[in-house]
Amino acid sequence: MNARFQTPRGTEDVLPEDQPRWRLIEAAAGETARLFGYERIDTPSFEAAALFEKGTGDTTDIVEKEMYAFEDRGGEALSLTPEATPAICRAWLEHGMASRPQPVRLYATARMFRYSRPQLGRLRQFTQFDCEAIGSAGALADAELIELNWRLYERLGLRDLEVRLGSIDDIGPRRAYLERLRAHYRPLRERLSPDSQRRLERNPLRLLDSNDERDRELREGAPAIVDQLSEDAAAHFAAVREALDAAGVPHVVDPLLVRGLDYYNRTVWEIAPTGDGRAQSSIGAGGRYDGLMETLGGPPTPAVGFATGLERIVIEMKRQGVDAPAPPAPDAFVAHAGEGAARAAVRAASRLRACGIAAVTGEAGRSLRAQLRRANASGARVAVIIGAEELARGTAAIKDLRGDGGQEEAPLDELAARIAGAQAPPAPHWRHG
RNA sequence: GUGGGCGUAGCGUAGUGGUUAACGCGUCAGGUUGUGGCCCUGAAGAUCGAGGGUUCAAAUCCCUCCGUCCACCCCA
């Protein structure tokens with residue numbers, strides 16, 4: 001078994017038994033997006049590496065140590081997409097979407113790639129549903145995205161989730177705040193955890209949500225950013241909360257909420273199961289990023305968006321016992337035995353399918369009994385049996401697998417009509433032009 | 001990137017130094033000269049994650065690697 005291939009570390013196969021959940025989530029995501037007026041966009045699986053170095057921020061962990069960056073054979077510096085937002089902004093710029101009605105509302109469902117140590121709900125290749133409203137500075141846009149994110153989970157039947165909301169102000173005021181924060185901690189530096197000593201200069205916001213006992217004690221008296229917002233950011237934050245109340249989306253303000261990406265300003269949020277202590281339990285998160293478009297060389301353009309991980313949604317659905325409907329079983333199972341019967345079976349199955357009846361054929365060479373066992377296990381409504389006798393008469397036996405197993409004989413060219421019985425006539429799937 | 005737990009047929013498990021590694025589910029076949037479900041019988045399927053070491057003897061003890069899970073870090 002050692003020589004066998006396996007999925008690369010941090011990747012997974014989505015097997016047929018998990019597909020119904022995935023399809024349900026994708027459909028729910030698309031439908032929720034539609035209800036809010038978001039249009040789908042697909043961007044490539046790789047982009048110029050510099051897009052993320054600039055956009056995501058070259059001091060973030062994502063860029064510093066998690067990017068699948070490589071040079072292609074022509075020497076282009078590329079990277080597999082670690083997150084969707086910069087890619088969608090790039091598309092907005094590249095296709096002149098500034099001249100579309102603003103804001104431009106876009107969504108995408110795509111694979112993302114980050115080289116990190118795998119854990120439950122954290123893979124190296126994972127799938128995100130991502131929504132962005134580009135070109136709107138208003139608080140209503142923030143609330144709209146949060147509501148969209150929330151309604152998706154609601155639609156999927158997820159319960160016991162919580163919207164945690166915060167604001168990290170605009171760049172200028174935040175700098176001033178960070179200085180005040182550093183001023184609080186500098187005298188205590190020696191007593192901080194080693195991680196936090198590093199964070200002090202680099203990313204002081206992180207000091208506040210550290211889980212280390214030592215850091216928690218020293219947090220006493222540290223200023224919280226949501227309490228010291230600039231006038232504009234405070235008004236914006238209040239307006240977001242008001243709009244959420246109007247929409248009926250419950251939320252709690254989390255003064256310690258911090259997002260890791262450089263480009264966020266003002267509103268940030270995450271949605272996670274209530275009381276789940278797992279580190280990577282948040283299933284969706286987003287924020288406003290008014291400075292990103294400029295960073296990427298575009299005109300100043302306010303924007304807000306979020307991403308949610310499909311793998312994490314699947315985990316949460318399983319945890320909560322939320323199932324998805326299985327795809328319907330085939331309608332008919334065509335069993336056959338004897339010389340020439342295989343040919344008739346292929347033809348019969350083919351005709352049934354042309355009438356919209358899902359038909360599966362039995363394995364040639366297997367006993368009728370084996371084939372009927374298969375038929376039963378497949379969940380098919382009826383078995384069509386073609387043996388030497390039927391073949392000679394140009395007929396087939398139709399056996400009811402749901403009831404007591406009664407059967408009737410029908411001419412081969414009447415099979416579809418007999419089997420269709422009460423079921424609705426098939427819709428045409430295609431049409432010649 | 002740091003620290004720790006775990007890794008036995010497709011899946012779930014038993015076996016913790018000593019004969020051909022066991023059981024359940026699943027798969028395949030038979031019990032009906034052409035008829036499913038339940039039941040019965042049988043078969044296939046595992047170099048016990050990989051490599052190395054200790055030992056007369058290793059699934060079992062040790063080391064390395066791989067994978068996975070957990071806690072950090074970070075994040076969807």
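Naming convention: chains lettered A, B, ... in sequence-line order (proteins, then strands); numbering from 1 in each chain.
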Nearest to the side chain of [X], which nucleotide is it out of [options]?
{"X": "A:Ile385", "options": "B:U68, B:G36, B:G34", "result": "B:G34"}
{"X": "A:Glu389", "options": "B:C74, B:G34, B:C70", "result": "B:G34"}
{"X": "A:Glu66", "options": "B:A29, B:G36, B:C74", "result": "B:C74"}
{"X": "A:Lys65", "options": "B:A76, B:G36, B:C73", "result": "B:C73"}

Can you name the one residue among A:Val249, A:Val253, A:Asp142 that meets side chain to side chain contact (heavy atoms under 4.5 Å, CB included) with A:Arg241? A:Val253
Looking at [N], which nucleotide sits across from it as a Watson-Crick or G-U wobble partner, both distances under 3.5 angstrom, or is there none?
{"N": "B:G51", "answer": "B:C63"}
{"N": "B:U16", "answer": "none"}
{"N": "B:C74", "answer": "none"}
{"N": "B:U68", "answer": "B:G5"}
{"N": "B:G42", "answer": "B:C28"}

Looking across every strand, which nucleic acid part, if any, lies under 4.0 Å from [X] by heavy atom: base, sugar-phosphate, or nothing?
{"X": "A:Asp404", "value": "base"}
{"X": "A:Ala337", "value": "nothing"}
{"X": "A:Gly403", "value": "base"}
{"X": "A:Ala383", "value": "nothing"}
{"X": "A:Thr7", "value": "nothing"}
{"X": "A:Gly405", "value": "base"}
{"X": "A:Gln407", "value": "base"}
{"X": "A:Arg114", "value": "base"}
{"X": "A:Ala375", "value": "nothing"}

Any [X] side-chain N or O less than 4.0 Å from OP1/OP2 of [N]:
{"X": "A:Arg373", "N": "B:G37", "result": "yes"}
{"X": "A:Gln119", "N": "B:A71", "result": "yes"}
{"X": "A:Arg122", "N": "B:C74", "result": "no"}
{"X": "A:Arg117", "N": "B:G1", "result": "no"}
{"X": "A:Arg9", "N": "B:U68", "result": "yes"}

[X] [atom1] to [N] [atom2], straight-line distance once rounded to whole Å:
{"X": "A:Leu372", "N": "B:G34", "atom1": "CG", "atom2": "P", "value": "13 Å"}
{"X": "A:Asp61", "N": "B:C75", "atom1": "CG", "atom2": "P", "value": "6 Å"}
{"X": "A:Glu132", "N": "B:A76", "atom1": "CD", "atom2": "C1'", "value": "13 Å"}
{"X": "A:Phe52", "N": "B:C74", "atom1": "CZ", "atom2": "P", "value": "22 Å"}
{"X": "A:Arg124", "N": "B:C66", "atom1": "CZ", "atom2": "C1'", "value": "12 Å"}
{"X": "A:Leu257", "N": "B:A76", "atom1": "CG", "atom2": "C1'", "value": "14 Å"}
{"X": "A:Phe306", "N": "B:C75", "atom1": "CZ", "atom2": "P", "value": "19 Å"}
{"X": "A:Arg164", "N": "B:A76", "atom1": "CZ", "atom2": "C1'", "value": "14 Å"}

Rounding to an integer number of angstrom, what distance separates [N] and [M] when you compare their [atom1] atoms?
{"N": "B:G30", "M": "B:A46", "atom1": "C1'", "answer": "26 Å"}
{"N": "B:C6", "M": "B:G53", "atom1": "P", "answer": "25 Å"}
{"N": "B:A9", "M": "B:U47", "atom1": "P", "answer": "8 Å"}
{"N": "B:G17", "M": "B:C56", "atom1": "C1'", "answer": "12 Å"}
{"N": "B:G15", "M": "B:U60", "atom1": "C1'", "answer": "9 Å"}
{"N": "B:C61", "M": "B:G18", "atom1": "C1'", "answer": "15 Å"}
{"N": "B:G36", "M": "B:G12", "atom1": "P", "answer": "32 Å"}
{"N": "B:C65", "M": "B:C28", "atom1": "C1'", "answer": "37 Å"}

Close side-chain approach of A:Phe129 and A:Leu152, heavy atoms under 4.5 Å: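 Side-chain contact under 4.5 Å: yes.
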Is there a side-chain contact between A:Met293 and A:Ile134 (heavy atoms, below 4.5 Å)? yes
Interatomic distance, CD@A:Glu363 vs NE2@A:His336, rounded to 0.5 Å, equals 7.5 Å
Starting at the 5' end of RNA chain B, which residue's closest nucleotide do you reach first, A:Gly387 or A:Ile271? A:Gly387
Given RNA chain B, 5'-ward residue of the pair A:Arg402 and A:Glu390, judged by closest heavy atom: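 So the residue in question is A:Glu390.
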Which of parallel (below 30°), tilted (30 to 60°) and perpendicular (above 60°) describes A:Trp269 and A:Phe306?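 A:Trp269 and A:Phe306: tilted rings.
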Step-by-step salt bridge (Lys or Arg N to Asp or Glu O under 4.0 Å) determination, A:Glu147 to A:Arg151: CA-CA 6 Å; A:Glu147 186 190 354; A:Arg151 299 289 177 225; 3.0 Å; yes
Are A:Arg402 and A:Asp400 close enough for a salt bridge, meaning some N to O gap below 4.0 Å? no
Between A:Arg266 and A:Asp170, does any side-chain N to carboxylate O distance fall below 4.0 Å? yes
Can you tell me whether the side chain of A:Asn376 and the base of B:G36 have a donor-acceptor pair closer than 3.5 Å? yes
With no hydrogens and no angle check, just 3.5 Å: does a side-chain donor-acceptor pair link A:Tyr38 and A:Glu132?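 No pair is found: no donor N or O on one side chain lies under 3.5 Å from an acceptor on the other.
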